[in-house]
Amino acid sequence: MESIQSVEDLLNKQQVPFINVDEITNFFLYKSKNQQILKWLHLQRNEADQMKDNVNHYLGKEDVRINEFFNQDNIGGNSAGLGLALTGLIIRGDLQNNVAIAVTGAISETGDVLPIGLLKEKILIAEKYGLPSMIIPTKNAEEATQIQKEQNIDMKILDVSHIDEAVQLINEMNDKTK
């Protein structure tokens, strides 16, 4: 297609729902192909497998209910790591939450919150479902501010650099609802 706008116009004309249209460059195509080749040759770990290891290492043990998530088909990426680690803390009784909140972020073995991709889509989905707040990685905060302005999104977006900060935010939000 000639431009992003022409693709959006065509999708609108055909009544195909979409969130975003991005231009794919040769750099992006070759990078993704190279990453796939490295995975096939077992020279690079799958992001979902790394996320599972990081979550389990952070929690100190595997949990059957969290591992059920990883047994699903088509699990990709690592942005569920923070949410899964927080869920693990809830399961073992170290955290309580009664507030609806969106969470995204990869985590390291030590609980550092790492940046994620496709933030715009995740924010739009959280807004669509009426979630009042969202926790994201600090390294994505500037991007989130820009997305909020561009999309006119009225949602409280909180950024964290470590899972302990997310726990503190969730505790504070729950204290306000008591």
Side-chain angles (χ1 to χ4, degrees), residues 19 28 31-141 143-144 147 155-178:
I19 293 177
F28 179 81
K31 179 181 175 190
S32 64
K33 288 178 183 178
N34 289 340
Q35 288 174 332
Q36 187 61 50
I37 290 169
L38 290 171
K39 287 177 190 173
W40 287 336
L41 297 173
H42 302 286
L43 298 173
Q44 182 178 14
R45 294 204 58 205
N46 176 313
E47 286 181 320
D49 290 340
Q50 186 64 54
M51 173 179 53
K52 179 180 179 181
D53 290 347
N54 288 352
V55 169
N56 287 327
H57 186 272
Y58 176 78
L59 293 173
K61 66 175 187 167
E62 289 192 24
D63 183 277
V64 174
R65 291 167 283 190
I66 290 176
N67 282 340
E68 286 175 7
F69 173 84
F70 294 106
N71 293 332
Q72 299 176 66
D73 291 334
N74 300 322
I75 298 296
N78 58 4
S79 61
L82 178 59
L84 289 168
L86 291 167
T87 300
L89 293 176
I90 291 169
I91 289 170
R92 71 180 192 200
D94 293 339
L95 175 65
Q96 292 184 1
N97 181 39
N98 297 311
V99 177
I101 186 166
V103 176
T104 188
I107 67 163
S108 70
E109 292 180 337
T110 59
D112 292 321
V113 179
L114 309 172
I116 48 93
L118 301 173
L119 183 62
K120 179 179 178 181
E121 292 78 2
K122 292 167 185 164
I123 290 172
L124 291 173
I125 290 167
E127 181 192 41
K128 177 181 177 181
Y129 285 96
L131 295 169
S133 303
M134 184 171 190
I135 296 176
I136 66 164
T138 296
K139 292 184 178 177
N140 289 105
E143 178 185 3
I147 292 166
M155 178 190 334
K156 189 172 187 174
I157 297 182
L158 309 160
D159 65 276
V160 298
S161 59
H162 193 274
I163 192 170
D164 293 344
E165 293 174 42
V167 168
Q168 182 179 347
L169 287 172
I170 291 168
N171 284 334
E172 289 171 5
M173 285 185 239
N174 280 276
D175 287 345
K176 289 179 182 177
T177 63
K178 289 181 181 178

Is it true that a side-chain atom of Lys139 and a backbone atom of Ile116 form a donor plus acceptor pair closer than 3.5 Å? no
Short side-chain to backbone donor-acceptor contact, His162 and Thr110, under 3.5 Å: yes
Rounded distance [0.5 Å steps], CD1 in Ile125 versus NZ in Lys120: 12.5 Å
Interatomic distance, Asp112 atom CG to Asp164 atom CG [nearest 0.5 angstrom]: 9.5 Å
Write down the atom of Thr87, the atom of Ile66, and the distance for their closest heavy-atom approach. C-CD1, 4.5 Å
Quick check: does any side chain N or O of Arg92 sit under 3.5 Å from a backbone N or O of Leu59, one acting as donor and the other as acceptor? yes
Is the side chain of Asn67 donor-acceptor paired with the backbone N or O of Glu62 at a distance under 3.5 Å, no angle test? no
How far does OG of Ser79 sit from CG of Leu114, to the nearest 0.5 angstrom? 11.5 Å
If every non-hydrogen atom of Leu131 is compared with every non-hydrogen atom of Ala100, which pair is closest and at what distance? CD2-CB, 3.7 Å
Non-hydrogen atoms of Ala80 and Phe69 that approach each other most closely: CB-CZ, 4.0 Å
Worked check of side chain to side chain contact (heavy atoms under 4.5 Å, CB included) between Lys128 and Leu124: CA-CA 6 Å; Lys128 177 181 177 181; Leu124 291 173; over 6 Å; no
For Phe70 against Met51, the heavy-atom pair lying closest together: CE2-CE, 3.5 Å
Considering all heavy atoms, the nearest Ser161-Thr138 contact: N-OG1, 3.2 Å
Can you tell me if CD on Gln96 sees more than 12 non-hydrogen neighbours from other groups inside 6.0 Å? no
Rounded to the nearest 0.5 angstrom, the OH-CG distance for Tyr58 and Leu84 is 13.5 Å
Using side chain to side chain contact (heavy atoms under 4.5 Å, CB included), reason through Met173 and Leu158 one step at a time and then give a plain yes or no. CA-CA 11 Å; Met173 285 185 239; Leu158 309 160; 3.4 Å; yes
What pair of heavy atoms forms the shortest contact from Ala102 to Ala126, and how long is it? CB-CB, 3.8 Å
Working to the nearest 0.5 angstrom, can you tell me the gap between Ile123 CD1 and Ile157 CD1? 3.5 Å
Side chain to side chain contact (heavy atoms under 4.5 Å, CB included) assessment of Ile107 paired with Val55: CA-CA 7 Å; Ile107 67 163; Val55 169; 4.0 Å; yes
Less than 3.5 Å apart, any donor N or O on the side chain of Asp159 or Asn140 sitting next to an acceptor on the other? no
So how far is it from Asn78 CG to Thr104 OG1, rounded to the nearest 0.5 Å? 8.5 Å
Under the side chain to side chain contact (heavy atoms under 4.5 Å, CB included) rule, what do Leu86 and Val167 come out as? Steps first, then yes or no, please. CA-CA 7 Å; Leu86 291 167; Val167 168; 3.8 Å; yes
